[in-house]
Amino acid sequence: MKLQITGVIATIFLMNNVSASDGEELYGQLCASCHTPNASVKIAPPIFAVVDHVRQAYPQRDDFISQVVEWVDEPKAEVALMPGAIRKFNLMPKLGYSQSDVEKIAAYLFDKNTVLSKEYLEHKKKGHGSN
Ligand code: HEC
């Protein structure tokens, strides 16, 4: 009996651990409501545009991750890489997420190496990519 309970607790612990370390799932819970994967929702820039901008400025994985963590911790217009997006959507709110969650999300976003959509590449070519 005691062994069984320990087993259940261990399973719950493991399950929690798996989901908590899953950057994709955390991204879905914490970021995707605003940063959708497509450009049809007009709350925030789509996630591939965000990743593209941050990656261009911070091509190294570690730098990319610290930049995203720093940004989410405290979005500041003065250091924004997407000033055009602030004009369009307003500054991203301070959300109070835990740093370790955001680190996992940032690593996931970097590693995923999102393929940019054709529409977005067109948009960039027309010179609107600076926002
Ligand atoms: C409540 C809506 C909302 C949520 C939730 C949200 N964001 Fe944002 N985010 C925005 C908006 C709006 C912008 C564009 C304006 C700006 O840059 O502040 C933005 C911009 C950004 C930028 C670009 C910053 C720059 O340099 O200009 C990054 C990076 C970013 N978000 C990451 C994230 C991550 C990672 C999460 C999840 C942990 C997240 N956001 C959750 C609304 C949101």
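In listed order, ligands and their atoms are each counted from 1. Since we're looking at a predicted model, the values are computed, not measured. Throughout, numbering of the chain's residues begins at 1 and tracks the sequence.
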Nearest protein heavy atom with distance in Å, relative to atom 29 (C) of ligand 1: Val50 CG1, 3.4 Å
Part of Tyr97 within contact of ligand 1 (heavy atoms, under 4.0 Å): side chain
With a 4.0 Å cut-off, would you call Asp111 and Arg61 a salt bridge? yes
Quick one, Gln67 and Leu81 - any side-chain contact, counting heavy atoms below 4.5 Å? yes
Distance-only N or O hit between ligand 1 and Pro83, under 3.5 Å: no
Kindly say whether Phe64 contributes a backbone atom to a donor-acceptor pair with the side chain of Arg55 at under 3.5 angstrom? no
Of the listed options (Pro45, Ala32, Ala44), which comes nearest to atom 14 (C) of ligand 1 when hydrogens are ignored and any heavy atom counts? Pro45
Any idea which protein heavy atom is nearest atom 36 (C) of ligand 1, and the distance to it? Cys31 SG, 2.8 Å
Apply the test side chain to side chain contact (heavy atoms under 4.5 Å, CB included) to residues Leu95 and Leu30: give CA-CA distance (whole Å), side-chain angles for both, the deciding distance (0.1 Å), then the verdict. CA-CA 9 Å; Leu95 298 160; Leu30 304 179; over 6 Å; no
Where do Lys94 and Pro75 come nearest, in terms of heavy atoms and distance? CA-CD, 4.0 Å
If you compare Leu81, Asn90, Val69 by their heavy atoms, the one closest to atom 25 (C) of ligand 1 turns out to be Leu81
Hey, does Tyr58 have a side-chain heavy atom less than 4.5 Å from the side chain of Val68? no
Would you say ligand 1 has an N or O under 3.5 Å from any N or O of His35? yes
Between Thr36 (side chain only) and Ala32 (backbone N and O only), is there a donor and an acceptor less than 3.5 Å apart? no
Under-4.0 Å heavy-atom contact with ligand 1, by part of Ala106 that carries it: neither
Is Ile86 touching ligand 1 with its side chain, its backbone, both, or neither, if touching means heavy atoms under 4.0 Å apart? both
Proximity of Leu91 to ligand 1 by residue part, where a heavy atom lies under 4.0 Å: both
Structural part of Leu26 in contact with ligand 1, heavy atom criterion under 4.0 angstrom: neither
Heavy-atom count around Gln29 CD within 6.0 Å, excluding the residue itself: above 12? yes
To check your reading of the model: name the closest protein heavy atom to atom 24 (C) of ligand 1, its residue, and the distance in Å. Trp71 CE2, 3.1 Å
Just distances here: any N/O of Met92 and N/O of ligand 1 closer than 3.5 Å? yes
Among all protein heavy atoms, pick out the one at the shortest distance from atom 2 (C) of ligand 1; state its residue, atom name and that distance to 0.1 Å. Cys34 SG, 1.9 Å
Is there side-chain contact between Ile47 and Leu109, with at least one heavy-atom pair below 4.5 Å? yes
Short version for Pro75: what comes under 4.0 Å of ligand 1, heavy atoms counted, is neither
In this structure, atom 23 (C) of ligand 1 is nearest to the protein heavy atom Met82 SD, 3.8 Å
